[in-house]
Amino acid sequence: MNIFKFGGASVNSADGVRNFVKIVQSYRDDMIIVLSAMGKTTNSLEEIVDAFVAKQEGVEGKVASLYNYHVAIVNDLFLKKEDVIFSKLDSLFEELRGYLKKIPSLSYEFDYDQIVCFGELISTTIVSEFLRFSGTPNKWVDIRTCLKTDDTYKEGRVNWELSQKLVPQVFGFTNTFVYITQGFLGGTTTNQTTTLGREGSDYTAAILSYILEVDKLAIWKDVPGIMNADPKWLPEAQKLERISYQEAIELAFYGAKVIHPKTIQPIQQKKIPLQVRSFLNLEESGTLISTASKKQDQLLPVYIQKKDQVLISIRPTNFSFILEENLGHLFSVFAKHRVKVNLIQNSAISFSVCVDNCDRRLMDMIEEISNDFEVKYNEDLELITIRHHNAEAVERMTQGRQILLEQRSRDTAQFVLA
Ligand code: ASP
Ligand code: MG
């Protein structure tokens with residue numbers, strides 16, 4: 001049994017959906033397809049949430065453009081206007097409009113999940129119907145009935161015990177060979193919709209793979225596999241043929257946007273191989289992530305870029321040392337303001353951190369720290385991480401740039417650059 005995860009870019013147009021069907025039909029195995037929302041739908045739904053919560057005008061217009069986008073795809077795919085997909089699409093949009101007529105709840109996160117979930121509900125409905133229409137019977141599963149989470153809306157935490165009981169019941173493979181379900185969504189025990197965090201569909205596929213102990217997970221993307229840099233940034237980027245789970249976790253940790261960081265852990269526990277491959281080129285084998293030993297990891301330098309970084313340096317006002325108590329306090333303040341720390345450097349009387357620029361939360365945090373410390377910061381910086389660095393790779397990244405901070409270990413070099 002295989003699990004295939006297809007991202008939003010793979011089904012962003014009628015041609016994309018036809019290509020998807022071609023791929024699925026080239027396999028004979030039992031499979032579960034985990035699908036994201038079409039194209040940039042989640043971004044559009046986020047705009048709708050913001051407008052709804054702020055009680056702004058224009059919500060209806062935004063919903064209408066989203067409807068037109070999907071209806072154009074459906075019109076292109078289906079010949080007969082009386083096909084059941086048209087009424088299914090209309091009722092999903094009716095449900096969405098119904099929610100938007102209500103008064104916003106007191107929780108932004110709750111409203112977010114109840115609205116944003118429509119992206120995946122709509123995409124899976126269209127694709128499931130079109131697959132059936134193209135001669136492949138399949139079963140549409142509402143993942144919210146079996147992938148259970150707590151009620152941390154917008155970032156649902158998986159209830160493994162309950163999901164482990166329910167998922168195998170839902171994906172029973174009796175008389176069904178192909179299932180289609182939503183990535184990114186979950187449900188609470190009281191059947192409220194939750195989401196797993198942006199780009200969470202990879203994680204959904206990993207959760208199902210873990211619970212069902214599948215033979216293989218494939219994530220289909222618009223890149224040839226995992227590259228040693230984002231090709232939009234470094235066009236000469238090369239593909240990594242094979243990497244270990246550990247290396248994949250490291251890459252995701254440092255910010256490589258290949259797969260969702262939570263994806264690897266569940267599949268690594270059950271030693272399920274993960275193939276990251278291109279839906280644009282079926283000849284291309286992609287990247288295999290598996291139990292490869294460290295020696296088998298390809299040691300090509302891997303370049304990871306994080307933009308919009310802020311370097312903060314913190315000193316006790318009385319020139320005392322930075323000690324455990326200070327550090328403990330500082331980290332609790334970072335955590336309280338949910339500021340993501342990407343790099344730390346410590347000296348006797350000062351402490352530097354490189355963090356993502358999260359605007360208001362960051363400023364609140366700096367204000368709080370300034371009560372007890374002298375704080376200076378630089379904005380608009382770049383953090384470059386090089387895995388498996390060598391002199392040439394370092395030169396290539398830092399040449400002609402001002403280095404504000406650097407840190408090197410055996411495997412990893414990091415530079416904060418102006
Ligand atoms: N549609 C969701 C998002 O764009 C989940 C995903 O694509 O993985 O964040
Ligand atoms: Mg998406």
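One-based numbering along the sequence shown. Order of listing sets the numbers, starting from 1, for every ligand and every atom in it.
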Check: E120 N/O within less than 3.5 Å of ligand 1 N/O: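 By distance alone, the answer is yes.
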Sub-3.5 Å N/O-N/O distance, K5 and ligand 1: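 No; every N/O pair is 3.5 Å or more apart.
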Nearest-0.5 Å distance that lies between atom CZ in F253 and atom CD1 in I264: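 Rounded to the nearest 0.5 Å, the CZ-CD1 separation comes to 15.0 Å.
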Close approach of G200 to ligand 1, heavy atoms, under 4.0 angstrom: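 Yes, that is the case, since the closest heavy atom of the residue is under 4.0 Å from the ligand.
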Scan side-chain atoms only and decide if [X] and [Y] contain a donor-acceptor pair under the 3.5 Å cut-off.
X: D111; Y: Y99; answer: yes
X: T190; Y: T188; answer: yes
X: Y303; Y: D230; answer: no

Out of all atoms in ligand 1, which are within 4.0 Å of some heavy atom of [X]? Include the element for each.
X: R198; answer: 3 (C), 4 (O), 9 (O)
X: F184; answer: 2 (C), 5 (C)
X: T42; answer: 1 (N), 2 (C), 3 (C), 4 (O)

Within-4.5 Å side-chain heavy-atom neighbours: Y153 and D151: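 In short, these two side chains touch, coming nearer than 4.5 Å.
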For ligand 1, the portion of S36 having any non-hydrogen atom under 4.0 Å away: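 It is the side chain that touches ligand 1; the backbone stays farther off.
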Pairwise ring pair (Phe, Tyr, Trp, His ring centres under 6.0 Å) hits with a residue in residues 184-216, at least two apart: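 For residues 184-216, and leaving out neighbouring residues, the ring pair (Phe, Tyr, Trp, His ring centres under 6.0 Å) pairs sorted by first residue read W160-Y210.
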